[in-house]
Amino acid sequence: MTGSESDTGRAVQPGYPDDVETPERAAKRRSAIRGAFFAEFVDMFDIYLPTVVLTPALIYFQPAGMSPGLSAILTSLVFATTLIGRPVGAAIFGGLADRVGRRRATITSVGGFGVITLLIAFIPGYATIGIASYWLLILLRFLDGICLGGGYTGALPLAMEYSPKHKRGLLGGVILAAFPLAYIVINLVGMASFALFPLAGPDSPYAVWGWRVPFVLGALLAGVLVLYYVRWVSESEIWEASEKKSAPLKNLFSGASGRSFLQVFAMMTGFWLTQNMVTLFLPTTVLHTVLQLSGSQLTTALLIAYACLVVSYIGSGLIAQRIGRRTFFIVLGGLIAIGGSTLMAVLMNGSHLSFGTIVFLVCVFSVLVTAPWGVVLPYINERFHTDVRASAFGLGFSASVIIPSFYAFFYAGLNQVVSAAVSAALLLGIGGVLGAVGAAAGPETKDVDFTSAA
C-alpha cells in the first residue's frame, strides 16, 4: 500500500506497512499488549472501588442526622464526578499522547490516579473534619476520574499501533476483556474485606479503616503499572514516525476527522446506552428490585455473567476480524434491539423463574448486549489518523457515555407511558438501532493500515 490510500481515505506512509513483523517489533508488541491489558484492568479496578467497596462505608463520612435525600445526592456525586472527570482526562491526556507520546501520557496519568487513590485511602472521616471529609472525597474522585480518563487514552492506542492488522480484532478483544475480569476481582476483594472487617455502623472496623485496604491495593497496582511502562514498554514506532501537530483536539473536530468523530460518537452513544442496561440497570432494577434476589444470589449471578464476558469479548474480536467491524456492529445492533429487548422483557416478568434459569438468561443477555465492546478498541483507533488517534479514541470512548448516563431519567419518563418491561425494552431497542445506524454511517476498517502520513 506504499503511497496509496487506505480504506478510510488515509494516506499511508511509504515503506512502513503495519504488518511488517521483526523479532524486535514482536517483543515491543507483546510488552505494549500486556501493558494495555494491565492498564484496562487497573482502570476498571479503580472505577469499581467506590461502587463495591466504598458504598457500605459512606456512613463514615456522613453526620448521623443527615436526611436520606441529601445522603443519596452526596453518594451519587461520589460516582458521578468520576464519570465526569473521565472525558476531561481523555481530552487532556489525549492531546498529550498525540503531541508528546502515548507512553509518556500513560505514565503521567497512571501515576496520577495511583497517587490520588492512595490519598483517598487516608481521608479522615466526619468525626475528624466534619462534612469536609465528604467534599474531599468527591474532589479526589473527580481528579481520579481525570487521570483514569488518561490511562486508557494513551495505553490502548499504543498497543493497537503495535498490533498487526490481522490480529487487531483478537488483541482488542483480549485487552477489553480486562474490564469484566476487573469487575470479578474487585468483587472478590470486596467480599474478602466484608468477611475480615465487620461492618456495623460508622465506628465499626470496616467503616473506619477496612475499606481503605482495597484503595491501597489499587494504588499499588497503579504503581506497578507505572514501573512496567517505564521499564518495558517502548513508545509507538508509528507515532514516532508520524508528523506531529500542535493542536490535535482542534484537528480532531475539523474536516474528515470531525465527521469521523461524529459518526463514532453516535455509534458509541447507542452502545453505551445498551451497556448501561447491563452494568447498571440489570443488577439494581431487574435483579434486586424486580426479581428480589438475595445479596448472595445477586453477586453469584453477576460473577458468573462477567466470567462469561471475559471469553465473549475475545470471541467478538475474532468474529469481527473475520466478517468486518462494520458488519459486526450492524448485525449486533439489530440483535440487541430485538433479542436483547426480548430477553429483558422475559427477565422483567420472570418472578416465577428458578434461580438457575435467571442466571442462564442473565448470562445470555449480558453476552449479547455487551458483544460490541470486544470490537470497539480496534475500530475507533482504525477510524483516525495517527496525529489525532489518542484524542479521538479517548473522547470517542468516554465522552459518548454522558448522554446514556441519564438512562434512569429516560426510563422513568417512558415508564409514565408504558410498563416497566416495555420501557426497558425500548431503551435497548433505541441503543441497538443507534449503534447499528452509527456503524452503517462509517466505513469498514479491519484492513486499514496505521501508517498515517497526516
Side-chain angles (χ1 to χ4, degrees), residues 39-58 60-62 71-94 106 108-123 133-156 176 178-180 182-183 185-187 189-190 211-212 214-219 221-222 225 268-269 272-273 275-276 278-281 283-284 373 393-409:
E40 176 69 9
F41 178 89
V42 174
D43 175 273
M44 297 313 301
F45 185 93
D46 199 289
I47 285 292
Y48 280 118
L49 274 174
T51 306
V52 176
V53 171
L54 191 55
T55 298
L58 286 177
Y60 179 66
F61 300 93
Q62 299 174 350
S71 176
I73 292 173
L74 291 176
T75 299
S76 66
L77 282 176
V78 173
F79 310 117
T81 49
T82 307
L83 292 177
I84 295 170
R86 282 165 68 91
V88 175
I92 294 171
F93 288 99
T106 301
T108 304
S109 60
V110 174
F113 72 68
V115 170
I116 294 168
T117 300
L118 186 62
L119 289 175
I120 292 174
F122 291 97
I123 297 177
S133 65
Y134 224 127
W135 293 117
L136 183 58
L137 172 63
I138 290 170
L139 173 63
L140 288 176
R141 282 305 295 180
F142 174 69
L143 296 176
D144 207 22
I146 291 175
C147 291
L148 287 168
Y152 55 81
T153 298
L156 274 57
L176 263 295
F179 152 56
Y183 177 88
V185 172
I186 190 61
N187 272 275
V189 169
W211 64 271
R212 303 178 193 273
F215 275 84
V216 173
L217 176 59
L221 288 174
L225 180 58
M268 290 299 296
T269 297
W272 267 119
L273 180 57
Q275 178 81 354
N276 284 347
V278 173
T279 57
L280 301 175
F281 184 81
T284 57
W373 294 88
F393 173 72
L395 285 170
F397 189 82
S398 59
S400 52
V401 75
I402 295 174
I403 297 174
S405 294
F406 294 96
Y407 79 95
F409 296 94

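The chain is numbered in sequence order, starting from 1.
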With heavy-atom distances below 4.5 Å as the criterion, would you say the side chains of [X] and [Y] are in contact?
X	Y	value
Leu54	Leu137	yes
Leu77	Phe142	no
Ser109	Thr153	no
Val189	Val185	yes
Thr55	Phe79	yes
Phe61	Ile123	yes

Working to the nearest 0.5 angstrom, can you tell me the gap between [X] [atom1] and [Y] [atom2]?
X	Y	atom1	atom2	value
Ser398	Ile84	OG	CD1	12.5 Å
Asn276	Phe281	CG	CZ	11.5 Å
Tyr134	Ile138	OH	CD1	6.5 Å
Ile403	Thr269	CD1	OG1	5.0 Å
Arg212	Leu217	CZ	CG	16.0 Å
Phe93	Leu148	CZ	CG	10.0 Å

Nearest non-hydrogen partners of [X] and [Y], listed with the distance:
X	Y	answer
Gly190	Val53	CA-CG2, 4.4 Å
Ala121	Val216	CB-CG2, 3.8 Å
Tyr152	Arg86	CE2-NH2, 3.4 Å
Thr117	Phe215	CG2-O, 3.3 Å
Arg141	Asp46	NH1-OD1, 3.0 Å
Trp211	Ala57	CD1-CB, 3.6 Å

Report the relative orientation of the aromatic rings in Tyr48 and Phe179; use parallel for angles under 30°, tilted for 30 to 60°, perpendicular for over 60°.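 Parallel, since the angle between the ring planes stays under 30°.
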
Measure up the Phe406 and Phe409 rings against each other and bin them: parallel (under 30°), tilted (30 to 60°), perpendicular (over 60°).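 Tilted, since the angle between the ring planes falls between 30° and 60°.
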
Do Asn187 side-chain atoms and Tyr183 backbone N/O form a donor-acceptor pair below 3.5 Å?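 Yes.
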
Mind running side chain to side chain contact (heavy atoms under 4.5 Å, CB included) on Thr51 and Ile186 for me, showing each step along the way? CA-CA 10 Å; Thr51 306; Ile186 190 61; over 6 Å; no

Chi angles and distances behind the side chain to side chain contact (heavy atoms under 4.5 Å, CB included) call for Trp272, Trp373: CA-CA 9 Å; Trp272 267 119; Trp373 294 88; 3.3 Å; yes

